[in-house]
Number of protein chains: 2
Amino acid sequence: MVTRGRAHGTRPAAAAAGRAADGAEEEAAETAAGGAAAGPLDSVLRPVRAGNGFEEALEQILQLLRLGLVPPGERLPSERELSQQLRISRVTLREALKVLQDQGMVESRRGRYGGTFVLPRTASPDGTGELRRRIAAVDVEDTLRFREVLEAGAAGLCAEGLTGDEEARLRGALDATRGARLEDYRRRDTLLHLTLAELSGSRTLAAQYAAVRATLNELLDCIPLLVRNLEHSQQQHAAVVEAVLDRDADAAREMMREHCGGTAALLRGFLA
Amino acid sequence: MVTRGRAHGTRPAAAAAGRAADGAEEEAAETAAGGAAAGPLDSVLRPVRAGNGFEEALEQILQLLRLGLVPPGERLPSERELSQQLRISRVTLREALKVLQDQGMVESRRGRYGGTFVLPRTASPDGTGELRRRIAAVDVEDTLRFREVLEAGAAGLCAEGLTGDEEARLRGALDATRGARLEDYRRRDTLLHLTLAELSGSRTLAAQYAAVRATLNELLDCIPLLVRNLEHSQQQHAAVVEAVLDRDADAAREMMREHCGGTAALLRGFLA
DNA sequence: GGCATAAGGTATGACAGAGAACCATTGCTT
DNA sequence: AAGCAATGGTTCTCTGTCATACCTTATGCC
């Protein structure tokens, strides 16, 4: 995730320069269709491994923290469990955890009922080298657009029908956002949206939303949170959930798009 | 992707049983919101590496083939290029290519202007062990839902405004589908949709669409292609592009959803 | 014909990561 | 107080992967 999109510069030109060994006719149609112009293979040929291996693990654990799935004070799964779930060795996992420890984000306690515990966010105006560099690498427009697509899609899918249990879960997540103090709001909000994504019936959608939302939260941490935005947000949440429960897919999508649009405008304004 | 959601059974219980070192009040709200019920960490804690390393490379090259980005008779990028783009060593890449060779999907020719060439699809009723196992592992509902979300979202985003060049590219991709023979239609169709995804302005969306479309094509290979479906499809393509060029986002999304719905119904019928 | 070039094919040494076993620490249970 | 169980901490070996260099083959150009 860190150093993507680098050192690709020379390849598309080389590919385009290749002599058309076979299918010259095809080649022409290709170019007309615009497929081959900017390297059509680029959508697929991303690096197989995004980093040093433990970097990827670090990324995923950071997602857990940024999504608030493991709130401050709580314990991460044990090293043995985590390493199994991430399919990496415990040694490699510990390398990632070491980074988080050094940054003061988690704390390890030994002994039974010990574990790796999440520490409260610190202002951390000191180093932040890691953090600031990450922010700079994020394609904000990509994030905002992709998020809107996933959210609206999830809302629409949910509106096509939930079981009683699922409806209750959604209502619960909405209610949880109501009484939230300001410092907790981001977390509950994230959980509500994540719930919607999970109830969409597409595991892939849920996983992708989790990823994009983690990035979004990171961006949101850069801008001030206003109570006014929060109240507006609340109303929109209620409207979305209501539309979903009413099986009104169009309304659900529309409301969700509006909701995302608000955040997007806020972020574009602050980061542009 | 293969063995997800296994051996997680004991973790949530253990977490819930942990003594609430901090925030006992929080804990209660959590459970009420339903967040902790089925392991909320599962959306994030997917395996860091999906396979033996070369398996991932194999997967991506298979995507190239399934998407028709490198049609039969054409040459893949050279081993040296491919290995650089995928960030794997040439040795590992060659392991992946070896598999494709053994399956009769590609052919390697030595010497200058040689390379790895894509062979025409064979009926391959022989082995197919690899293939059938993959199909069985696909979550069809996940694929169809996620696809619809991405397609509708991409259409909507494109309808919010394209440059002149982009419009031309889109029109070109649409035109390319018109004169296509039956055997080529799948490929041109894929390219059209892929173009729309790329023009959405979200690289992530484009990449995800490429992945889901590759899976979809694999599923589509299992069912017969009817000329009637094809004509209907053509009309819908035209309608979507028209809506996009008219900047009518709602219509574009709606048409695209309908279009995807058709394919989805077809697949659900055949595979259910 | 001969040479340069670009592609696939092969071999080797260094290192990261996996897997397993073990130690050290803590708190609950008896 | 003793023992047990679950956790973090450490060390070992072995396999897979990378990087690099070199060999072999086929084509175009002189």
Side-chain angles (χ1 to χ4, degrees), chain A residues 7 10-11 13-15 17-22 47-58 60-61 70 74-102 106-119, chain B residues 7 10-21 47-58 61 70 74-102 106-119:
Chain A
T10 57
R11 199 202 38 65
R19 46 304 125 265
D22 288 327
V48 155
R49 355 182 72 85
N52 274 340
F54 91 95
E55 276 186 40
E56 278 193 75
L58 178 58
Q60 292 200 28
I61 300 170
V70 184
E74 288 293 306
R75 208 197 61 173
L76 288 172
S78 75
E79 295 182 352
R80 288 170 178 83
E81 284 180 62
L82 256 185
S83 63
Q84 275 183 20
Q85 293 178 324
L86 297 176
R87 297 275 207 286
I88 57 177
S89 77
R90 219 181 122 211
V91 180
T92 306
L93 171 66
R94 282 176 54 78
E95 275 188 74
L97 291 178
K98 176 74 162 48
V99 173
L100 296 179
Q101 267 182 323
D102 290 346
V106 301
E107 171 197 41
S108 287
R109 301 185 210 148
R110 296 175 70 158
R112 189 171 186 182
Y113 304 117
T116 307
F117 292 82
V118 179
L119 295 177
Chain B
T10 57
R11 198 197 38 66
R19 28 330 112 266
V48 154
R49 353 182 73 85
N52 275 340
F54 91 96
E55 277 186 39
E56 277 193 76
L58 177 57
I61 300 171
V70 184
E74 286 294 307
R75 209 197 59 173
L76 288 172
S78 74
E79 295 182 352
R80 288 168 177 84
E81 281 182 64
L82 257 185
S83 63
Q84 275 183 21
Q85 293 178 323
L86 296 176
R87 296 275 207 288
I88 58 177
S89 77
R90 214 178 126 215
V91 179
T92 307
L93 172 66
R94 281 176 55 77
E95 276 189 73
L97 291 178
K98 177 74 163 48
V99 174
L100 296 178
Q101 266 181 325
D102 291 346
V106 302
E107 173 197 40
S108 287
R109 299 186 210 147
R110 296 175 68 158
R112 188 171 186 182
Y113 304 119
T116 307
F117 292 82
V118 180
L119 295 177

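Order of the sequence lines fixes the chain letters, A, B, ..., with proteins taken first and strands second; residue numbering starts at 1 for each chain.
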(message) In this structure, how many angstroms lie between the C1' atom of D:dT20 and the CZ atom of B:Arg80, rounded?
(response) 11 Å
(message) Using a 4.0 Å heavy-atom cut-off, does A:Thr116 contact any base of the nucleic acid, only the sugar-phosphate backbone, or nothing at all?
(response) sugar-phosphate
(request) Calculate the interatomic distance between A:Arg94 atom CZ and C:dA16 atom P; express it in whole Å. (result) 18 Å
(message) I'd like to know if B:Arg110 reaches the base of D:dT24 with its side chain such that a donor and an acceptor end up less than 3.5 angstrom apart.
(response) yes
(message) Which is more 5' along DNA chain C, the nucleotide nearest A:Ile88 or the one nearest B:Leu97? Just name the residue.
(response) B:Leu97
(message) Run A:Thr116 and A:Leu82 through side-chain contact (heavy atoms from CB on, under 4.5 Å) and show every step you take.
(response) CA-CA 11 Å; A:Thr116 307; A:Leu82 256 185; over 6 Å; no
(request) Taking all heavy atoms of B:Leu93 and all of B:Glu79, pick out the closest pair and write down the distance. (result) CD2-O, 3.2 Å
(message) So if I take every side-chain heavy atom of B:Thr92 and compare against D:dC18, C:dA6, C:dG9, which nucleotide ends up nearest?
(response) D:dC18
(message) Distance check needed: D:dG8 C1' versus A:Leu82 CG, whole Å only.
(response) 13 Å
(request) Could you please name the option among C:dG9, C:dG19, D:dC18 that lies closest to any side-chain atom of B:Ser89? (result) D:dC18
(request) Would you indicate whether the side-chain heavy atoms of A:Val70 and A:Ile61 approach each other to under 4.5 Å? (result) no
(message) Just the rounded figure in Å: distance from P of C:dA18 to CD of A:Glu56.
(response) 11 Å
(message) Under 3.5 Å, is there any donor-acceptor pair linking the side chain of A:Arg87 to the base of C:dG17?
(response) no
(message) On a heavy-atom basis, which atom in A:Ala96 and which in A:Ala57 lie closest, and how many Å separate them?
(response) CB-CB, 4.3 Å
(message) So for A:Arg109 and C:dG27, does any side-chain atom that can act as donor or acceptor lie under 3.5 Å from a complementary atom in the base?
(response) no
(message) Whole angstroms only, please: what is the CG-C1' distance between A:Leu76 and D:dG8?
(response) 13 Å
(request) To the nearest Å, give me how far apart CD (A:Glu79) and C1' (D:dT10) are. (result) 11 Å
(message) Nearest whole Å is fine: how far is C:dA18 P from A:Gln84 CD?
(response) 13 Å
(request) Locate the shortest heavy-atom distance separating A:Tyr113 from A:Phe117; write the atom from each residue and the value. (result) O-CZ, 4.1 Å
(message) From OH of B:Tyr113 over to P of C:dA4, roughly how many Å is that when rounded to an integer?
(response) 16 Å
(request) Identify, between A:Arg112 and A:Arg90, the residue whose nearest nucleotide on DNA chain D lies closer to the 5' end. (result) A:Arg112
(request) Could you tell me whether the phosphate oxygens of C:dA7, OP1 or OP2, come under 4.0 Å of any side-chain nitrogen or oxygen in B:Arg75? (result) yes
